[in-house]
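Below is one structure, written out as structure tokens; the observations come after it.
Chain naming here is simple, since letters A, B, ... match the order of the sequence lines and numbering starts at 1 in each. Bear in mind the structure is a predicted one, so any value in this text is a computation, not a measurement.
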Amino acid sequence: MSAPLDLEFNGDRPQAAAPARSGPDPEDLLAGLNPQQREAVTHSGSPLLVVAGAGSGKTRVLTSRIAYLLAGGVHPGQIMAITFTNKAAAEMKERVVDLVGRRANMMWVSTFHSMCVRVLRREAKTLGLSSNFSIYDADDSKRLIGMIAREQELDSKRYPPKQLGIHISNLKNELLTPEEAAERAGNDMERKVAQVYAAYRRRLVDSNAMDFDDLIMRTVELLQNHPAVAEYYRRRFRHVLVDEYQDTNHAQYVLVRELVGTETAESGVAPAELCVVGDADQSIYAFRGATIRNIEEFERDYPQARSIPLEQNYRSTQTILSAANAVIRQNPNRRDKRLWSESGEGERIVGYVADNEHDEAAFVANEIDSLVDRGEATFNDIAVFYRTNNQSRVFEEVFIRLGLPYRVVGGVRFYERREVRDALAYLRVLDNPDDTVSLRRILNVPKRGIGDRAEAVVAVHAEQERISFGAALREAAKGEVPALATRARNAISGFVELLDELHAVAAANDVAETLDTVLERTGYRGELEASDDPQDATRLENLTELITVAREFTEATAAAPEPADEGSPSDAAPDAASADAGDPGVEDRDADLPADDSLSAFLERVSLVADADSLPESGDGVVTLMTLHSAKGLEFPVVFSGGWEDGVFPHNRALGDTTELAEERRLAYVCITRARQRLYLSRAMMRSAWGQPMTNPASRFLTELPEELMDWRRVEPADRAAPQVRSTWGSRGGGADRTGADSAQARVAERGMRSTSAKGWKDTIALKLEAGDKVTHDKYGLGTVVSTEGEGARATATIDFGASGTVKLMLIGSVPMAKL
DNA sequence: CTTTCACTACTTTTT
DNA sequence: GTAGTGAAAG
């Protein structure tokens, strides 16, 4: 198989029948579908929930369903399909085009966010907004919140901008206004959050900007407060499809509901047909506000709803599926679902217990090497997953040493790099002079003698005069701000002149040309070129890359000029199911671009495309390294996953919280179900964390795997598995059966978890230590506790073992150590 | 205003 | 181990 990275390609593989290319015959579209898939494709008349287990061919169902609708006479302009990633959207569109031809381009297939931007730009007038608003990502948003927090003189230790940002984001995801947040605030933090939120929202409007959460929330407000607009969209979109429904948050849930409309809608527009696809077991973004409730209670939300489970898996061996089922079964309150496969038992799952993370990586690397040597896999077929990005380093080290080709997905992404953001900030200021965050970002980058002091003076002036920061800056340049030192004033004058000059350049040139001039005239490029820091060379490359991106964008836009959109509901008659039904041969290319302004369009594109390039194209001949989160939606013939240790995976922060633990377990489920033929799970007994060595017990998820599915290549050495336990958390038996011992320990841990509040930890599991205590450890000998950190499941102690060094140890589970 | 040095604080992150 | 911040010195 040459395409391990194709998104959810599953359903196609065993059923090789090529889809009909022309004149889609509904029957052809159903060929090769199993009965459940077929039903999901053809169902009509009520809302539909497709519960799509991993690898069950959900993308195929979605695309076939769209094609089936089109074959049945639905106009493409009446279809809206929503995904979470641009990649998924692009793929869905491409596959529908394959099935029904180019008229599929008239559908709206986009992410939640692009879809909202498209609506908001079109309806900007209605909202009293300018349609070239900037889109703030998490970083911009954090900066703005930071500015506000500083102005409000909040202690940045007690109220870190990041924390405030998370809270505000959560409020927006719940569609709560600052006023509502203030009413509900029950503690100090919440009151401060509400206060900052209010200012933040004002400042976003002043900056003519929206953050990601606003895009959704504002669209919801638009639809709720402007019935004519809502009716327009409801008339237009008669079919709404939502992918990855388990990842929707409350705001997105309401958005979908508003788009679809209800029976009781006064306008008399019948609700659109809704089809959502998701798998509660693959919800791994609850920490971003996603709520499984939306999928779990779909039938309650839509009483007429039909629910169709897809349980046949076309991806993995039965062994892999049994393992996945066994793990996910441990989650409470879940609707049982059993994946099954016709592709046979396959290989057992290989388990490996390494002494430390280096040994673990070496095992993985050697195994990859021999698999490829034996011709059982190509590098392309292989992926290595880990819980957190920093785990990639040790794998990279070994891979480099052994000369294995690899590619790391994720980490610091292209559009998050400082130099890229700086460059884009210049463009944003040129596009939207009110964009305060971008303006203040580049104010003194590269250094031009406008320091914090001067910036603060200008900010205060802006506040006093109730003008934008940009306007205040111009007044400062003209000497109208007396508090400003002459030096600073001159520096600001120079900067304003520079901006004016660049503005003229932007007006007369394309984006790539403008960008190039910006880098030249600001001295940004010169500074990097003059530097001897090797990092700066990389930065230059990234900027060159950004110019290339801009050039390609311009060319693509020029090649496919924007046809005028069909206008906004404000000026078009709302009798519009047929509004764009004319000329079915014309492509609806306005997809994500405002027609007029290529700079705005470019900025929108880069704001909403996370990084489409981060996933390597297949055929590179490289092993792919990524986090478990990035792995969702992908599949590989061979999967390695390391760090299966309590404290690493499940992550430390999740150990004490059943909700978070359930999410970690879903992550384990996602991990296992990525593998098609072979799966390797490993753990290390000792691992350096934050520069300090740390011992970790086996992941409880490992112990949930049925023994008969496992092929343990190496287990915990006997001398360490049979400790003389003399402490309060109970004995561990003889340790003859090592994995058995592990599961005993996991069970103890689990039990302790549930009794946290009732009984506390004291004598059940954790070793209770405090600084100054003397301990004896089976391996390190005598030691003195230097400090302790965390509570309950998170409890660790830093212990000085003298000659054996200082070690940080977890106190939960089977610590081969006792207090003296 | 800029540089430097020490201090801290660390998940995951589709848009 | 490192990146990002904050205070003090240049």
Side-chain angles (χ1 to χ4, degrees), chain A residues 7 82-89 110-117 135-142 146 150 156-157 160-163 165-166 169 173 210-216 243-244 246-249 251-252 282-290 385-391 393-394 397 409-413 415-416 418 444 446-455 485 487-488 491 535 592 604-612 614-615 626-634 643 647-655 660 663-664 666-667 670-671 688-693 789:
Chain A
L7 290 165
I82 310 173
T83 62
F84 275 87
T85 66
N86 292 290
K87 195 172 153 82
S110 62
T111 63
F112 270 103
H113 297 269
S114 313
M115 184 270 276
C116 288
V117 169
I135 298 166
Y136 280 3
D137 69 7
D139 185 78
D140 301 314
S141 149
K142 201 180 78 190
R150 228 169 301 134
S156 64
K157 285 261 166 12
K162 199 173 160 192
Q163 213 57 37
I166 290 169
S169 175
N173 288 159
M210 293 201 204
D211 65 18
F212 285 145
D213 304 313
D214 279 339
L215 296 177
I216 312 288
D243 193 12
E244 306 281 15
Q246 76 282 351
D247 289 335
T248 50
N249 61 35
Q252 289 158 339
Q282 291 186 65
S283 160
I284 56 175
Y285 286 103
F287 71 93
R288 293 281 282 119
F385 302 153
Y386 34 78
R387 177 65 236 270
T388 57
N389 276 310
N390 61 17
Q391 287 172 258
R393 232 184 58 221
V394 59
E397 283 165 13
V409 173
V412 183
R413 294 198 294 272
Y415 289 110
E416 284 168 19
R418 195 180 53 190
N444 198 30
K447 302 256 181 308
R448 51 176 72 92
I450 309 174
D452 294 347
R453 188 61 195 275
E455 184 183 343
R487 258 180 110 105
Q535 277 203 326
D592 304 293
E604 177 183 323
R605 176 63 59 92
V606 300
S607 304
L608 294 178
V609 168
D611 64 332
S614 78
L615 289 176
M626 65 178 108
T627 64
L628 291 164
H629 283 86
S630 316
K632 197 176 81 160
L634 305 178
V648 177
F649 182 41
H651 194 271
N652 231 323
R653 306 269 276 254
L655 283 175
E660 286 191 56
E663 176 143 322
E664 296 280 314
R666 291 194 291 271
L667 206 45
V670 166
C671 173
S688 300
W690 305 305
Q692 294 250 299
E789 295 84 28

Determine, stepwise, if the pair A:I284 / A:L628 fulfils side-chain contact (heavy atoms from CB on, under 4.5 Å). CA-CA 10 Å; A:I284 56 175; A:L628 291 164; over 6 Å; no

Can you check side-chain contact (heavy atoms from CB on, under 4.5 Å) on A:E660 and A:F287, steps first, answer last? CA-CA 9 Å; A:E660 286 191 56; A:F287 71 93; over 6 Å; no

Decide side-chain contact (heavy atoms from CB on, under 4.5 Å) for A:D247 and A:K632; before the verdict, give the C-alpha distance in whole Å, the side-chain angles of both, and the deciding distance to 0.1 Å. CA-CA 12 Å; A:D247 289 335; A:K632 197 176 81 160; 2.3 Å; yes

Is there a side-chain contact (heavy atoms from CB on, under 4.5 Å) between A:Y136 and A:D214 once you walk through the steps? CA-CA 9 Å; A:Y136 280 3; A:D214 279 339; over 6 Å; no

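Within the 4.0 Å cut-off from OP1 or OP2 of B:dT13, at least one side-chain nitrogen or oxygen of A:T627 is found. Here A:N652 does not reach the OP1 or OP2 of B:dC10: none of its side-chain N or O atoms lies under 4.0 Å away. Close to C:dG1, at under 4.0 Å from its OP1 or OP2, lies no side-chain N or O of A:S688.
In this structure, A:K162 atom NZ and B:dT13 atom P are separated by 12 Å, rounded to whole Å. Atom pair A:N389:CG and B:dA9:P shows a separation of 21 Å (rounding to whole Å applied). With rounding to whole Å, A:L628 atom CG is found 9 Å from B:dT13 atom P. Rounded to whole angstrom, the span from the CZ atom of A:F287 across to the P atom of B:dT13 amounts to 7 Å. In this structure, A:Q163 places its CD atom 9 Å from P of B:dC10, rounding to the nearest Å. The nearest whole Å value for the distance from the CZ atom in A:R448 to the C1' atom in B:dT2 is 15 Å. Here the P atom of nucleotide B:dT12 and the CZ atom of A:R666 are 18 Å apart, to the nearest Å. Between the OH atom of A:Y136 and the P atom of B:dT13 there is a distance of 25 Å, rounded to whole Å.
Between B:dT13, B:dC1, C:dG1, one nucleotide has an atom nearer to the side chain of A:R393 than all others, and that is C:dG1. The nucleotide whose nearest atom lies closest to any side-chain atom of A:N444 is, among B:dT13, B:dT2, B:dT11, B:dT2. When distances are taken from the side chain of A:R653 to each of B:dT12, C:dG6, B:dC10, the shortest belongs to B:dC10. When each of B:dA9, B:dT11, B:dT13 is scored by its nearest atom to the side-chain atoms of A:K157, the top-ranked nucleotide is B:dA9. The side chain of A:K447 approaches B:dT2 more closely than any other nucleotide in the set B:dT2, B:dT11, B:dT13.
Within 3.5 Å, a donor on the side chain of A:R387 pairs with an acceptor on the base of B:dT12, or the reverse. At a cut-off of 3.5 angstrom, counting only N and O atoms as typed in the model, there is a donor on one side and an acceptor on the other between the side-chain of A:R288 and the base of B:dT13.
At a threshold of 4.0 angstrom between heavy atoms, the contacts of A:A454 are confined to the sugar-phosphate backbone, with no base atom among them. Within 4.0 Å of A:E663, counting heavy atoms only, lies no atom of the nucleic acid at all. A:D247 comes within 4.0 angstrom of a nucleotide base, judged by non-hydrogen atoms across all strands. Counting non-hydrogen atoms under 4.0 angstrom, A:S156 reaches the backbone sugars and phosphates but no base.
The nearest heavy atom of DNA chain B to A:N390 and to A:R487 marks one nucleotide each, and the one closer to the 5' end goes with A:R487. When each of A:R453 and A:L667 is assigned the nucleotide of DNA chain B bearing its nearest heavy atom, the one mapping closer to the 5' terminus is A:R453.
The aromatic ring of A:H651 sits over the base of B:dT11, with ring centres less than 5.5 Å apart and planes tilted by under 30°. For B:dT13, the base is not stacked against the aromatic ring of A:Y285, per a cut-off of 5.5 Å between centres and 30° between planes.
At least one side-chain heavy atom of A:D213 sits under 4.5 Å from a side-chain heavy atom of A:N173.
Taking a pair to require two hydrogen-bonding distances under 3.5 Å in either a Watson-Crick or a G-U wobble arrangement, B:dT12 remains unpaired. Searching all strands for a Watson-Crick or G-U wobble partner of C:dA7 with both distances below 3.5 Å returns B:dT4.
Taking the O4'-C1'-N9-C4 or O4'-C1'-N1-C2 dihedral as appropriate, B:dT11 has a value within 90° of 0 and is therefore syn.
Side-chain atoms of A:S607 and A:E604 include no donor-acceptor pair closer than 3.5 Å.
Under 4.0 Å is where a charged nitrogen must lie from a carboxylate oxygen, and between A:D452 and A:R150 no such pair does.
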